Structures are given as structure tokens and as C-alpha cells.
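To start, the structure under review is shown below, and the notes come after it.
Convention: sequence-line order gives letters A, B, ...; per-chain numbering from 1. Just so you know, these numbers use all the heavy atoms, side chains as well, and skip hydrogens, waters and symmetry mates. Predicted model only: the values in this text are computed from it and were never measured.
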Number of protein chains: 2
Amino acid sequence: MALTLEQIAKLAGVSRSTVSRVVNDDPNVRDEVRQRVWRVIRETGYQPHAAARSLVTRRTQIIGVIIPESVTTLFTDPFFSLLLAGITAACNENRYHLMLSLFNSPEGSDAIYQRVLRSAYLDGVIVASATGDDPLIPRLLRDSIPFVLVGRHLDKRVTYVDVDNVSGARMATEHLIRLGHKRIATVTGPMSMLSAQDRLTGYKQALEAHGLPVDSSLIAEGDYREGGGIAAVRRLLPASPTAIFVASDVMAVGVLKALRQEGREVPGDIAITSFDDLPVATAVQPALTTVRQPIDDLGRTAVQLLLDLIHRPPDATSVPQRLVLPTELVVRGSCGARR
Amino acid sequence: MALTLEQIAKLAGVSRSTVSRVVNDDPNVRDEVRQRVWRVIRETGYQPHAAARSLVTRRTQIIGVIIPESVTTLFTDPFFSLLLAGITAACNENRYHLMLSLFNSPEGSDAIYQRVLRSAYLDGVIVASATGDDPLIPRLLRDSIPFVLVGRHLDKRVTYVDVDNVSGARMATEHLIRLGHKRIATVTGPMSMLSAQDRLTGYKQALEAHGLPVDSSLIAEGDYREGGGIAAVRRLLPASPTAIFVASDVMAVGVLKALRQEGREVPGDIAITSFDDLPVATAVQPALTTVRQPIDDLGRTAVQLLLDLIHRPPDATSVPQRLVLPTELVVRGSCGARR
DNA sequence: ACTGGTATTGAGAGCGCTCCCAACACGACT
DNA sequence: AGTCGTGTTGGGAGCGCTCTCAATACCAGT
């Protein structure tokens with residue numbers, strides 16, 4: 001059976017309270033006693049019972065990562081793996097635990113919300129790239145559960161960390177402009193997501209900054225998935241673009257595939273730039289010129305912001321933090337800059 | 001503040017015990033009372049406090065997924081995303097929660113083990129593809145923590161679910177043999193992993209079954225990562241194979257890349273088959289002929305086995321379950337069967 | 001009316017921990 | 001010698017829940 005504080009106390013010849021002090025690094029313990037207690041703890045392999053502790057401290061040392069219903073289908077995108085890796089690393093460093101919730105259950109997201117968030121399991125949550133109007137956000141605000149969004153949000157009460165999608169997209173598009181392209185199309189993400197809107201904004205800014213017209217026949221909405229890239233190409237080709245800025249690597253894979261099927265050469269006939277710099281970007285042929293986002297940082301920063309929120313004294317009123325991380329363009333073969 | 005049982009009891013005009021019975025579906029409650037209590041619960045949005053409940057039931061309704069240190073570098077492999085998706089779906093269906101632990105921390109896996117597994121946070125754990133000699137397994141056995149392995153294990157006390165790596169690899173190799181190849185090389189996974197050993201065994205079985213020699217110059221060890229595939233090709237080419245069975249899709253991407261660099265055509269000069277059928281298999285050109293494994297099933301089955309283990313009465317002695325799921329060959333372009 | 005059985009309910013104890021407060025020892029100061 | 005402060009320790013209460021057991025109500029059968 002698992003040991004309790006009481007038993008450790010008996011073994012060390014002190015009281016329950018003293019052992020508790022030792023375990024929690026309370027300075028009010030004589031050094032000699034502290035040593036003795038630690039020795040017993042080490043020898044017995046004692047570990048405090050998490051639930052008992054949580055019951056009184058009202059803290060679980062667990063944070064949740066929520067993949068909202070609206071994006072569970074994107075979960076296999078390596079973006080989420082990398083994000084999770086960053087988040088878990090930061091959690092480990094801070095001795096926090098991570099609970100993963102995909103809101104992908106037939107019971108409905110309301111029921112999951114109740115079960116996961118209202119039962120005091122979690123000290124706080126990180127919400128991964130929700131759509132702008134995800135019903136989750138108002139609920140979290142209403143229940144005053146500490147949370148951080150990965151991806152920006154319009155509500156001023158929301159703390160978030162995002163990558164600079166606008167300037168990333170602008171760079172990717174300007175790169176094509178510099179290469180002499182005039183008819184530059186774009187495949188966007190699902191417009192319900194702010195990241196998709198931002199990348200489209202960056203694309204438009206680049207065109208406008210260089211006096212090029214924004215032509216709606218050169219804009220096709222995708223879904224951040226491969227199939228969306230394929231479908232978008234079919235809609236775009238009649239407008240005869242000479243280059244395409246694709247709003248994600250995964251869609252770019254689809255675009256590449258579709259173009260190949262149509263007999264178009266990349267970058268010879270059509271140049272491509274995209275966004276994310278996932279491992280797949282170098283797996284395809286030609287390798288993708290793409291915008292790198294610091295996904296690992298994104299995860300680590302989200303954890304840091306959340307822990308700040310959790311440890312903030314409840315009366316402290318302060319403005320929610322909003323961080324935007326920089327992006328960078330990685331030039332490879334698909335844009336035709338190197339030939 | 002969050003409500004307690006006691007408050008609900010007062011509101012419904014019954015005792016704490018009765019509310020507890022209602023919440024836990026105890027049949028010994030008059031229907032009229034049950035209705036009344038449920039109504040109050042619904043109206044107030046009451047949710048039992050998880051820690052308080054855990055403290056007495058000794059159950060947390062949380063299961064852990066552990067990615068051992070030996071494979072954390074593979075975590076971005078979409079295999080893990082798909083596995084996690086299957087696991088979370090099964091968890092949601094069973095009203096369990098999922099705690100994700102990557103043993104990737106500088107504090108060392110011993111410390112994480114203590115922190116995560118000895119504090120009674122978890123009802124049980126799923127260990128994802130450990131190496132054969134991962135020190136985690138004996139510790140879990142010693143501490144009698146219910147656990148299920150994804151991937152087989154030699155110890156007879158271990159419950160696991162695996163895919164049929166041997167017969168999958170045999171199919172992939174035999175397919176090449178049927179296409180007339182005689183000099184078939186293989187790029188293996190890291191030989192510390194049983195799945196890698198099994199896939200190599202399948203490869204050898206296929207050769208032997210068709211009277212072909214097993215030539216060690218045609219066998220190169222990889223690491224299940226892209227770089228390993230690239231490096232393996234350089235070691236393999238001097239032996240002039242006409243076909244290669246690559247033990248994972250991700251490595252196959254590397255192999256494709258390296259062959260292209262060496263000016264070899266796939267499948268013209270060298271035919272390729274691989275293993276996994278991840279999304280990337282259809283992203284590359286030519287698309288990979290590969291062995292599909294039912295990853296989603298793997299995750300769901302692991303959860304099912306674990307829950308069986310958790311709910312088994314402690315005195316029930318029974319033989320650990322070992323399940324092996326079938327694989328299937330998906331023929332695409334890289335093997336040259338379709339031209 | 002009395003007995004026994006069954007269905008339903010409430011009260012008390014206790015899970016293992018933290019936190020508050022009182023108790024104590026000890027030295028320093030008046 | 002008495003008082004105070006400081007450092008250290010132990011005991012009690014209580015977090016919100018479940019579980020056991022006793023109490024009560026009600027019915028049927030005698």
C-alpha cells in the first residue's frame with residue numbers, strides 16, 4: 001500500500017505537520033530534522049497523494065490542452081505534434097502535468113466541457129487555434145477559468161500568443177513579387193480561422209504595396225488540408241496565375257499534386273510559396289519555399305503565460321497579455337529563386 | 001464559488017447521501033426524489049469535485065499515455081498523432097481523461113516517473129512503443145500499476161496490443177519479389193525496437209520463402225527518421241539493389257530524396273515499398289506502396305485493454321492479453337507495379 | 001394489533017493532506 | 001526573577017466526497 005504522511009512521520013519520529021513542512025520546503029524546520037525526514041522519504045519512496053493535496057490546496061498541478069471541435073480534424077497536422085512537444089517540455093520543466101482533450105466525441109462538446117472543465121481537474125487550459133467564434137471562449141471567460149489561446153482573438157479579455165501571420169504571408173508574397181510575378185494567386189485556410197484571415201491580409205498587403213491589383217478570381221478558400229489544396233487549384237487555374245501563395249504546407253502538398261496532374265511544372269510554370277515549414281516541406285519535390293513559424297516557442301510561451309495567470313493573486317487586475325512571435329521566410333526550390 | 005454536495009442537498013431538500021446516490025446512479029432512490037435532485041443539479045450546473053471523489057474512491061478517471069524517453073524524438077511522427085486521436089476518442093467514449101507525458105525532460109526520466117506515476121494521479125497507463133529493454137516496464141510491473149503496451153514485449157506479464165509487423169513486412173517484400181526483383185535491400189528501424197526487429201524478420205522470411213539469399217550488404221539500419229533513410233541509401237547503393245523495402249514511410253521519404261540526388265529513378269531504377277501508410281505516403285512522388293496499419297484501432301484497443309485491467313477485481317488472476325492486429329498492403333506508384 | 005421484511009433515507013466516520021493556532025523551549029533583555 | 005520574542009513543533013479542524021450502518025416508513029401476512 002502507498003504510504004501516508006502520518007506513517008512517514010512515525011518513522012522519522014516527528015509529527016505529520018513537520019513532514020508536511022519538509023515536503024513543501026517550509027523554512028521553519030530545524031536542519032537536523034529536515035535531513036532525517038528527507039532520508040525517510042527517500043528510503044521509502046514516499047510520494048504525497050495528489051488528490052488529498054488538491055482537495056485542500058485547490059490546485060491540481062494539471063493544465064489542459066484543448067483542441068476544439070472546430071479543428072479536431074486538423075489534429076494529425078504535424079503542427080499540433082510540434083506544439084504539444086513544446087507544451088509538454090515546458091510543463092515538465094515547471095513540474096506541471098498535461099491533460100489532453102480533443103473535443104471530438106459524439107457526446108457533444110457541451111458534455112465534454114462540463115466533464116473536463118467544471119470538475120476542478122484543471123488549474124488552467126491552453127486552447128489550440130480555435131476559430132474566431134468558438135463557443136468555448138465565452139464559456140471559459142464566464143466560468144473564469146484561466147486560459148491562454150494559441151492564435152489571436154478579438155475579445156480584449158483574452159490572453160494569447162500568436163505568430164505573426166500577416167507579416168509572414170506578406171514576406172512569402174513579396175518574395176514572389178520580387179521574382180517578377182504579376183499574377184499571384186493564393187489558397188487560403190478556412191476563413192473561420194483568424195490565422196487564415198491574417199495570412200490573406202498579408203497577401204493583400206504585399207500586392208497593394210507593390211501596386212498590384214487584388215483579383216478575387218485569384219483567391220480560393222481552402223481548409224488547411226491536402227484535399228483543400230487540390231480543389232483550390234482547379235478553381236484557380238482558369239485565372240492563369242504564374243505563382244501561388246498557399247497558406248499552409250499541407251495544402252501546398254495538395255497543390256503540388258494537383259499541378260502535376262494538370263501537367264504544370266513547379267516552379268517552371270507556376271511558382272509556389274507556402275506557410276508553416278513543417279517537416280513535409282522538405283519531403284516533397286521541389287522542396288517548399290515557406291514561412292517558418294516558431295511552433296516550439298509558441299507552445300512554451302503559452303505555458304508560461306498560463307502559469308503566470310494561474311499564479312497571479314486573484315485580486316490583481318491586469319491587462320491580458322498578447323504576444324506575437326516573429327516568422328521567417330525559408331527559401332527552397334518551389335519558388336524558382338534558385339535555378 | 002463551486003457548489004458542493006451539501007448545498008445541492010439543501011436546495012433539493014434531501015441529505016448529502018441522497019444526492020451522492022443520485023449522482024452515482026444508485027438505484028435505491030425514490031423516482032420522485034431522483035427527478036427533483038437532478039433538476040437542481042441541472043439548474044445549478046453542479047459538477048462533483050474530482051479530487052474529493054478521488055480521495056475516497058482511489059480512482060481518478062485519468063489514464064496516462066507515456067512516450068518513453070527512447071522514442072520522444074519520434075513524437076512528431078504522425079503515427080503518434082493518429083495513435084493519440086484513437087486513444088482520446090476511446091477515452092471520451094468511456095468518460096476517462098487522458099494525461100500525456102513525454103519523458104523528454106532534463107530532470108531525467110526517474111524523476112518524471114516518480115512525479116507522474118507514484119502520486120496516484122493515474123488509474124493506469126498506456127506506454128507507446130518502447131524499446132524492448134525500456135527500464136519503464138520493470139518499474140511499472142514492480143509498482144503494480146495497470147498498464148498496456150502499444151507494441152509487443154517479451155515479458156509474459158505484459159498486456160499489449162501490436163500490429164502484425166512480421167506479416168506486413170513479408171507482404172511488402174513478397175510484393176517486390178512477385179514483381180521480379182532478386183536483389184532486394186531493406187532499411188530497418190532502430191534495432192532496439194521490437195517493431196524494427198519484426199519488420200526485418202518479415203523481410204527475411206519473404207526472401208527465404210522464395211529461395212533468395214539474405215545478404216547483409218543489402219541490410220542497413222535506420223532510425224525511423226528521414227535522415228536515417230538518406231544515410232542508409234548511401235550504404236546500400238554499392239550493393240546495387242533493384243528494390244528496397246523501407247521499414248517506415250518517413251524513412252522512405254528520405255530514401256526517395258537520396259535516390260533522386262543520386263540520379264536514380266523510382267520505381268524505374270529502384271522500386272520501393274514501405275510501412276505505415278501515413279498521410280505522407282501519398283504526398284510524395286511517386287506515392288508509396290506501403291503496408292497500412294490500423295493505428296486508430298491500435299489506440300482504441302489499448303484503451304479497452306487498459307480499462308479491463310483497471311476494472312478487474314484485484315484478486316482476479318488472469319493471463320495478460322496480447323492482441324495482434326492485421327496489416328494490409330496498399331499498392332501505389334513506388335513499387336512499379338502500375339506503369 | 002403485531003411481526004417481519006423491504007425500500008428509502010440520513011448521520012457519522014474517514015480518505016490524506018494543508019493550514020491555523022496553541023504550546024513549548026530557549027536565549028536575551030529589562 | 002520576570003518578560004518578551006523567536007524559532008520550532010504538534011494537534012485539531014476541515015477540504016468534498018463515498019460508504020457503512022442505523023433509523024424510519026411502509027406494506028403484507030398472521
**Item:** Phosphate OP1/OP2 of D:dT18: any B:R53 side-chain N/O under 4.0 Å
**Value:** yes
**Asked** Which nucleotide in the set C:dT9, C:dC21, C:dG16 lies at the smallest distance from any side-chain heavy atom of B:N28?
**Response** C:dT9
**Message:** So B:S17, base contact, sugar-phosphate only, or nothing? Heavy-atom distance under 4.0 Å.
**Reply:** base
**Prompt:** Would you say the side-chain atoms of B:S81 and A:S81 include a donor-acceptor pair closer than 3.5 Å?
**Reply:** yes
**Asked** Where is the tightest heavy-atom contact between A:A302 and A:V150, given as atom of each residue plus distance?
**Response** CB-CG2, 4.1 Å
**Fill in**
Per nearest nucleotide of DNA chain D, the residue lying toward the 5' end, A:D31 or B:A52, is A:D31
**Prompt:** Run the salt bridge (Lys or Arg N to Asp or Glu O under 4.0 Å) check on B:K10 and B:E6 step by step: do they pass?
**Reply:** CA-CA 6 Å; B:K10 187 142 28 144; B:E6 200 77 54; over 6 Å; no
**Item:** Spacing between A:D26 atom CG and C:dT18 atom P, to the nearest angstrom
**Value:** 11 Å
**Fill in**
In whole angstroms, the gap separating C1' of D:dT9 from CG of A:L5 amounts to 15 Å
**Asked** Does the side chain of A:S15 get closer than 4.0 angstrom to OP1 or OP2 of D:dT9 through an N or O atom?
**Response** no
**Fill in**
note: B:I8, atom CD1; D:dT18, atom C1'; distance rounded to Å ~ 17 Å
**Prompt:** Does a side-chain N or O from A:R30 land closer than 4.0 Å to OP1 or OP2 of D:dT9, or not?
**Reply:** yes
**Value in whole Å for how far the P atom of C:dC19 lies from CZ of A:R16** = 13 Å
**Request:** Please state whether the phosphate of C:dT18, meaning OP1 or OP2, lies under 4.0 angstrom from any side-chain nitrogen or oxygen of A:S20.
**Result:** yes
**Request:** Write down the distance between CD (A:E32) and P (D:dT9), rounded to a whole number of angstrom.
**Result:** 9 Å
**Prompt:** Tell me: CG of A:N24 to C1' of C:dC17, nearest whole Å?
**Reply:** 9 Å
**Message:** Rounded to whole Å, how long is the line connecting atom NE2 of B:H49 with atom C1' of C:dC15?
**Reply:** 14 Å
**Complete:** From the candidates C:dG16, D:dC17, C:dC20, the one with an atom nearest any side-chain atom of A:R21 is C:dC20
**Request:** Indicate yes or no: does A:E43 engage A:R39 in a salt bridge with an N to O separation below 4.0 Å.
**Result:** yes
**Request:** State whether A:Y113 and A:R139 meet the cation-pi test: NZ (Lys) or CZ (Arg) under 6.0 Å from the six-membered ring centroid, and within 45° of the perpendicular axis.
**Result:** yes
**Prompt:** Would you say A:T18 reaches D:dT8's phosphate, i.e. side-chain N/O to OP1/OP2 under 4.0 Å?
**Reply:** no
**Asked** Can you tell which of C:dC15, D:dG10, D:dC17 lies closest to the side chain of B:R58?
**Response** C:dC15
**Asked** Between A:Y46 and C:dG16, is there a side-chain N or O to OP1/OP2 distance below 4.0 Å?
**Response** no
**Message:** By nearest atom, which of the nucleotides D:dG16, C:dG10, C:dT8 is closest to the A:L55 side chain?
**Reply:** D:dG16
**Nearest-angstrom distance from the residue atom CD1 of A:I41 to C1' of C:dC17** = 13 Å
**Asked** Is there a donor-acceptor contact under 3.5 Å linking the side chains of B:R118 and A:H49?
**Response** no
**Message:** So, does A:T4 get its side chain near the phosphate of C:dC15, meaning an N or O under 4.0 Å from OP1 or OP2?
**Reply:** no
